[in-house]
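Let me begin by presenting the structure, written as structure tokens, before commenting on it.
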Amino acid sequence: MRMTRYFLPVLREIPSEAQITSHKLMLRAGMIKQAVSGIYSWMPLGLRVLQKIERIVIEEQERAGHIPLLMPTIQPASLWQKSGRYDDYGEEMLRIRDRHNRDLLYGPTNEELITEIFSSHVKSYRDLPLTLFHIQWKFRDEMRPRFGVMRGREFLMKDGYNFDIDMDAAIHSYNRHMVSYLKTYERLGLKAIPMRADTGPIGGKYSHEFLVLADTGESEVFFDKRILNYNFGISELNFDDIDECQSIVDKWTIPYARTDETHDQETFDREVSQEHQGISRAIEVGQIFYFGTKYSEPMGALVTNSEGMHVPVHMGSHGIGVSRLVGAIIEAYHDEKGIKWPIVVAPYKVGIINAVMGDKESCEVSERIYNELNNANLEPIYDDRDERAGSKFNTMELIGIPWRITVGPRGLKKGVVELTNRYNGDRVEVPTGNIVNTMNKMGDCILD
RNA sequence: CGGGGUGUAGCGCAGUCUGGUAGCGCAUCAGUUUUGGGAACUGGAGGUCGUUGGUUCGAAUCCAAUCACCCCGACCA
């Protein structure tokens, strides 16, 4: 992308509405624009990041065997009346009425809708297990939205729902989700710790929240610090292997890790020695639930089991806050100059700075490098604006592009351009020829 | 929803106490000179001072109502 043709409304000054780092940086980097309290437009740069995260989430879901579909944002009130949640959900649910006076709502979650879909098509245990998911905008009319996309009213969420024949099978689905979530967060460059959680309005007995430690987090968490050394790794695993999933879940959930809702100081002291006790603020980036037949019973989601009996399916639901993750990643990856995107979610991978627009050779070499990187799918963004070099450096650092190639007469005299790593500041001079090779050799080392 | 704060140009702010018809920095537009860490000069454009009503000869300024946004709390992916 050429900056002269792009729409990148960066701000030099921090809008007064923002308090926390990620919100300030998202506004300054021109990623979002508030439409009204807790509701944002995603500007081109922000959208690219959002979509990259979405892509990773989808890939990991499909890898775990979960099936994508897409449900609407608007739902009929009647479904929620059937489950009994229409009255329970309260003011957080945005209720709407259409021209025929029918009661609708902007979905805060989709248990009812998915159960309806499931029950009208699945009748036999032979079709189980089944896990369906989608990534869709949700709306929860928070009393007090804040922190930008971290706590908006409208938010993008991946929510998935598993259907199993009995509790044992559903627990495996629960475990499978935990494993795939751990993998997803790790790919995104985040250390997310599963913590025992309250089930809230979703209901049920089993639930874990995934929390990323950050000073600006909304929850206070208590955990065994040794969990921080755990690495999921990228090794292949079989999501259908019940024992393998269970052992991973055990490893991650046996050490003490709880939010303030479920924290118990006595247990904490008994299970974790003083030196290993960790207390921190944290951002919740996902949650998984097993709730059995809470929805399948009232909504009549029955299947025939192997004995020919009609039984309600066992269900769970699972959410990843996709739009919130954008903020969470920035909280984890930034410095005083701006964002430092992990390369897997970076909106562009390489920024090209033409340091002297008046210099003919600089322009030619910049153009050539831009075209080469583009053709190699290395997602370059070329700052071809007629600006001072300093201004371009600052913009590139603010928007967090992982690699920067600086082209200018100083280097070109020696036949080199400067390659700078946003993550650690390392810079090397590289020959102007075959930049694509050089970049490919650099690999994905930004998460290390 | 309780408590507090703020609304003045795209962004950041001053002016409000003490009423006299709006200003600064950045951004923006034109031109010239510049050009490796947010350039300089010259000239220009841009504001129903959140909204409505009131007081007054006169309101950004005083009074009232209202709306919006932000912060602290209680609640949530």
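Naming: A, B, ... by sequence-line order, numbering from 1 per chain.
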Under the rule for ring pair (Phe, Tyr, Trp, His ring centres under 6.0 Å), what residues qualify as partners of [X], not counting sequence neighbours?
{"X": "A:Tyr185", "value": "A:Phe210"}
{"X": "A:Phe118", "value": "A:Phe163"}
{"X": "A:Tyr370", "value": "A:Tyr382"}

- Task: Name all pairs fulfilling the side-chain hydrogen bond (donor to acceptor under 3.5 Å, both in side chains) condition that reach into residues 26-39 of chain A, sequence neighbours left out, sorted by first residue then second.
- Result: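 side-chain hydrogen bond (donor to acceptor under 3.5 Å, both in side chains) check on residues 26-39 of chain A returns A:Gln34-A:Tyr40.
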- Message: According to side-chain hydrogen bond (donor to acceptor under 3.5 Å, both in side chains), does anything in residues 355-369 of chain A pair up with another residue at least two apart or in another chain? List the pairs.
- Response: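 Qualifying pairs, neighbours excluded: A:Arg2-A:Glu367, A:Asp359-A:Ser362, A:Arg368-A:Glu372.
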- List in chain and number order the residues that pass side-chain hydrogen bond (donor to acceptor under 3.5 Å, both in side chains) with A:Glu297, two or more places apart in sequence or in another chain; answer none if no residue qualifies.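 With sequence neighbours excluded, A:Glu297 shows a side-chain hydrogen bond (donor to acceptor under 3.5 Å, both in side chains) to A:Thr293, given in chain and number order.
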- Message: I'd like to check the side-chain hydrogen bond (donor to acceptor under 3.5 Å, both in side chains) partners of A:Glu13; sequence neighbours left out, ordered by chain and number.
- Response: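 Here no residue qualifies.
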Find the distance [X]:[atom1] to [N]:[atom2] and express it as a whole number of Å.
{"X": "A:Ile283", "N": "B:rC76", "atom1": "CD1", "atom2": "P", "result": "18 Å"}
{"X": "A:Glu218", "N": "B:rC76", "atom1": "CD", "atom2": "P", "result": "11 Å"}
{"X": "A:Ile14", "N": "B:rG12", "atom1": "CD1", "atom2": "P", "result": "10 Å"}
{"X": "A:Glu209", "N": "B:rC75", "atom1": "CD", "atom2": "P", "result": "14 Å"}
{"X": "A:Ile20", "N": "B:rC72", "atom1": "CD1", "atom2": "P", "result": "10 Å"}
{"X": "A:Glu220", "N": "B:rC76", "atom1": "CD", "atom2": "P", "result": "17 Å"}
{"X": "A:Met143", "N": "B:rA74", "atom1": "CE", "atom2": "P", "result": "12 Å"}
{"X": "A:Lys24", "N": "B:rC11", "atom1": "NZ", "atom2": "C1'", "result": "15 Å"}

- Quick one: which of B:rC76, B:rA74, B:rC11 gets closest to the side chain of A:Arg146?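 Nearest nucleotide to the side chain: B:rA74.
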- Query: Nearest nucleotide by nearest heavy atom, which residue falls closer to the 5' end of RNA chain B, A:Pro15 or A:Ile320?
  - Reply: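 Nearer the 5' end of the strand: A:Pro15.
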- Message: Any strand counts, and the cut-off is 3.5 Å on both contacts for Watson-Crick or G-U wobble. Which nucleotide pairs with B:rU52?
- Response: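 Checking every strand shown, B:rU52 finds its partner in B:rA64, with both distances under 3.5 Å.
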- Paired with B:rU28: which nucleotide, if any, by Watson-Crick or G-U wobble criteria at under 3.5 Å for both distances?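 For B:rU28, the partner nucleotide comes out as B:rG44, under the 3.5 Å rule.
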- Query: Any donor-acceptor pair under 3.5 Å joining the side chain of A:Arg151 to the base of B:rC75?
  - Reply: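 Pair found.
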- Thinking salt bridges, do A:Glu429 and A:Lys414 make one under a 4.0 Å N-O criterion?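 Result for this pair is yes, salt bridge flagged.
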- Item | Partner of A:Tyr161 by side-chain contact (heavy atoms from CB on, under 4.5 Å), out of A:Thr131, A:Asn110, A:Ile117, A:Leu130 |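 It is A:Asn110, the one option of A:Thr131, A:Asn110, A:Ile117, A:Leu130 that forms the side-chain contact (heavy atoms from CB on, under 4.5 Å) with A:Tyr161.
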- Could you tell me if the ring centre of A:Phe268 sits under 6.0 Å from that of A:His263?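 Yes, the ring centres sit under 6.0 Å apart.
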Look for any protein N or O under 3.5 Å of an N or O in nucleotides 41-43 of chain B and output each such pair with its distance, or none.
none

- Going by the angle between their ring planes, with limits at 30° and 60°, are A:Tyr206 and A:Tyr174 parallel, tilted or perpendicular?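 Taking A:Tyr174 first and then A:Tyr206, their aromatic rings stand perpendicular (interplane angle over 60°).
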- Go through residues 35-61 of chain A and report each residue with a non-hydrogen atom lying under 4.0 Å from RNA chain B, sorted by number.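 Here the set is A:Val36, A:Ser37.
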- Message: Please list all pairs meeting ring pair (Phe, Tyr, Trp, His ring centres under 6.0 Å) that have one or both residues in residues 53-78 of chain A, counting only residues at least two apart or in different chains.
- Response: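 Residue pairs with at least one partner in residues 53-78 of chain A: A:His66-A:His177.
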- Answer yes or no: does a side-chain N or O of A:Gln34 lie under 4.0 Å from OP1 or OP2 of B:rA68?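 Answer no for this pair, as no side-chain N or O of A:Gln34 is under 4.0 Å from OP1 or OP2.
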- State whether A:Ser16 places a side-chain N or O below 4.0 Å from either non-bridging phosphate oxygen (OP1 or OP2) of B:rG12.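 Checking B:rG12 against A:Ser16, a side-chain N or O does come within under 4.0 Å of OP1 or OP2.
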- Query: So what does A:Glu17 hit on the nucleic acid, given a heavy-atom distance under 4.0 Å: a base, only sugar-phosphate, or nothing?
  - Reply: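 Result for A:Glu17 = sugar-phosphate.
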- Between protein and nucleotides 31-38 of chain B, map the contacts as a letter string: B base, S sugar-phosphate only, - none, heavy atoms under 4.0 Å, written 5' to 3'. ---BSBBB
- What string of B, S and - do you get for nucleotides 2-7 of chain B, 5' to 3', if B is base contact, S is sugar-phosphate-only contact and - is no contact with any protein heavy atom under 4.0 Å? ------
- Task: Given side chain to side chain contact (heavy atoms under 4.5 Å, CB included), test A:Asp88 with A:Trp80 step by step and report yes or no.
- Result: CA-CA 10 Å; A:Asp88 295 349; A:Trp80 287 67; over 6 Å; no
- Query: Can a cation-pi geometry be assigned to A:Arg153 and A:Tyr106, taking NZ or CZ under 6.0 Å from the six-membered ring centre and within 45° of the ring axis?
  - Reply: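 A:Arg153 over A:Tyr106 ring: no.
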